[in-house]
Amino acid sequence: LRPTSGVTFVVRERTKRVHLWLQDTFFLGANSDNVDEVLDQGFLSLRDQRPLWIRMTAEGGGTVQILTEDMELAGEVLQELCAALSVTELESVADFPQEMEAFRAILQKVDDFNAARLQLTADMADSSNTAKTLVIKAEDARLLGNIKAMRAAYGQLYTLNGSLLGEYNKRANNHKHLLEALKEVNQMIQKAARLRVGTAQKR
């Protein structure tokens, strides 16, 4: 079954040369020597058993399509092909709906974790200010000899300290998940960059 996702680009190269690269890279059989103006070759990825399709037409001087649901695999094939053809600059049009949907979900997670981080930071700041106030109240009560008030203040401080520790653990856990989500964002950016060559990778 031919994948619907993939990347399209122009290499301005003869179909025969791309076919020779396919033969060398994927060890195609001898029965594939008949090269038409349209190159249409399917494979099965050993990584996940999903199909990979490489298609080339003479349109635009040599339009190539790498069809796969795996953006990382598409990038690897594109980079190998461009290296073989000595292509140093390449723009492309990518269409990976499933990967982009997953990317949007990751970006939403980043927003959620960041919002939670800001809220937890604000809550901890409030709790810290309350703790300072209770310490002052307890010390004032001690100086005045009001043992009952001093014990009450220290009791509240003890409870607040436990709450602060809990908030710190939440914040540390949230920070860990935020870093993991940001790592996924970075990985997606790197995968997308490999669908282009040269200065276009930095855009």
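We number each residue from 1, following the sequence as shown. What you see is a predicted model, and the numbers here were worked out from it, not measured in a lab.
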Undergrad: Are Leu182 and Leu120 joined in one hydrophobic group, where the rule is that I, L, V, M, F, W and Y side chains link up if heavy atoms are under 4.5 Å apart?
TA: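 As far as the 4.5 Å side-chain criterion goes, Leu120 and Leu182 are not connected within one cluster.
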
Undergrad: Which pairs with one or both residues in residues 164-189 pass salt bridge (charged side-chain N to carboxylate O under 4.0 Å, His left out), sequence neighbours excluded?
TA: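 Pairs touching residues 164-189 that pass the test: Lys109-Glu184.
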
Undergrad: Nearest 0.5 Å please: distance from the CG atom of Asp40 over to the OG1 atom of Thr15.
TA: 11.5 Å

Undergrad: In terms of hydrophobic clustering (I, L, V, M, F, W, Y; side-chain heavy atoms under 4.5 Å; direct or indirect links), are Leu67 and Val77 co-clustered?
TA: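 No, Leu67 and Val77 fall in different hydrophobic clusters.
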
Undergrad: Considering only heavy atoms from C-beta outward, does the side chain of Arg47 approach that of Leu73 to under 4.5 Å?
TA: yes

Undergrad: Taking atom OG1 of Thr121 and atom CD of Gln119, what is their separation to the nearest 0.5 Å?
TA: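 Rounded to the nearest 0.5 Å, the OG1-CD separation comes to 9.0 Å.
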
Undergrad: Find the distance between CZ (Arg12) and OG1 (Thr63) and round it off to the nearest 0.5 Å.
TA: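 Output value for this atom pair is 8.5 Å.
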
Undergrad: Could you pull out the closest heavy-atom pair between Leu39 and His19, with the gap in Å?
TA: CD1-CD2, 3.3 Å

Undergrad: Got a sec: does the CD of Glu80 have more than 12 other heavy atoms crowding it under 6.0 Å?
TA: no

Undergrad: Are the side chain of Gln79 and the backbone N or O of Arg194 linked by a donor-acceptor pair below 3.5 Å?
TA: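 Here the side-chain-to-backbone pair exists.
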
Undergrad: Looking at Glu72 and Asp70, what are the two nearest heavy atoms and their distance?
TA: N-OD1, 3.0 Å

Undergrad: Hey, could you give me the CZ/CE distance between Arg17 and Met56, rounded to the nearest 0.5 Å?
TA: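 These two atoms lie 10.5 Å from each other.
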
Undergrad: State, to 0.1 Å, how close Arg196 and Leu78 come at their nearest heavy-atom pair, and which atoms those are.
TA: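 Shortest heavy-atom contact: N-CD2, 4.3 Å.
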
Undergrad: Of all heavy-atom pairs between Leu178 and Val110, which one has the smallest distance, and what is that distance?
TA: CD1-O, 3.9 Å

Undergrad: Taking a hydrophobic cluster as the set of Ile, Leu, Val, Met, Phe, Trp and Tyr residues connected by side-chain heavy atoms closer than 4.5 Å, whether directly or through intermediates, do Leu52 and Trp21 fall within one such cluster?
TA: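 Same cluster: Leu52 reaches Trp21 through Ile, Leu, Val, Met, Phe, Trp or Tyr contacts under 4.5 Å.
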
Undergrad: Are any of the side-chain heavy atoms of Leu134 and Thr130 separated by less than 4.5 Å?
TA: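 Side-chain contact under 4.5 Å: yes.
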
Undergrad: Test of understanding: clusters of I, L, V, M, F, W, Y form through side-chain heavy atoms closer than 4.5 Å, transitively. Do Leu179 and Val185 belong to the same one?
TA: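 The answer is no; the residues belong to distinct hydrophobic clusters.
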
Undergrad: Among residues at least two apart in sequence or on other chains, which ones pass side chain to side chain contact (heavy atoms under 4.5 Å, CB included) with Thr133?
TA: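 Thr133 satisfies side chain to side chain contact (heavy atoms under 4.5 Å, CB included) with Lys137 once adjacent residues are dropped.
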
Undergrad: Taking only distance into account, with no hydrogens and no angle test, what donor-acceptor pairs under 3.5 Å do side-chain atoms of residues 89-106 form with protein atoms, sequence neighbours excluded?
TA:
residue, atom, partner, partner atom, Å
Glu89, OE1, Thr199, N, 3.1
Glu89, OE1, Thr199, OG1, 2.9
Glu89, OE2, Thr199, N, 3.4
Glu91, OE2, Arg203, NH1, 2.1
Ser92, OG, Leu195, O, 2.6
Glu99, OE1, Lys191, NZ, 3.0
Glu99, OE2, Met71, N, 2.8
Glu101, OE1, Arg104, NH2, 3.1

Undergrad: I'd like to know if the side chain of Gln41 and the backbone of Ile54 have a donor-acceptor N/O pair within less than 3.5 Å.
TA: no

Undergrad: Please check if the number of heavy atoms outside Glu59 that lie under 6.0 Å from its CD is greater than 12.
TA: no

Undergrad: Do Phe9 and Leu81 have side chains that get closer than 4.5 Å, going by heavy atoms?
TA: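 Heavy-atom side-chain distance check passes, below 4.5 Å.
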
Undergrad: Once rounded to the nearest 0.5 Å, what's the spacing between atom CG of Asn169 and atom CG of Asn173?
TA: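 Here the rounded value is 8.5 Å.
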
Undergrad: With rounding to the nearest 0.5 angstrom, report the CG to CG distance, Asn174 to Leu118.
TA: 9.5 Å

Undergrad: Thr68 and Ala74: which non-hydrogen atoms are nearest, and at how many Å?
TA: CG2-CB, 3.7 Å

Undergrad: Let me check something: any side-chain donor-acceptor pairs from residues 142-162 under 3.5 Å, sequence neighbours excluded? List them with distances.
TA:
residue, atom, partner, partner atom, Å
Arg142, NE, Glu139, OE1, 3.3
Arg142, NE, Glu139, OE2, 3.4
Arg142, NH2, Glu139, OE2, 2.5
Asn146, OD1, Ala149, N, 3.1
Thr159, OG1, Gly155, O, 3.2

Undergrad: Which residues satisfy the ring pair (Phe, Tyr, Trp, His ring centres under 6.0 Å) test with His177, sequence neighbours excluded?
TA: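 Checked His177 against ring pair (Phe, Tyr, Trp, His ring centres under 6.0 Å); matches are Phe113.
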
Undergrad: Any idea which heavy atoms bring Ser5 and Glu69 closest together, and the distance?
TA: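 Smallest interatomic distance, heavy atoms only, reads OG-OE1, 2.8 Å.
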
Undergrad: Tell me, which pairs form a ring-ring contact (aromatic ring centres under 6.0 Å, His included) where one or both residues lie in residues 40-94, sequence neighbours left out?
TA: Phe26-Phe43

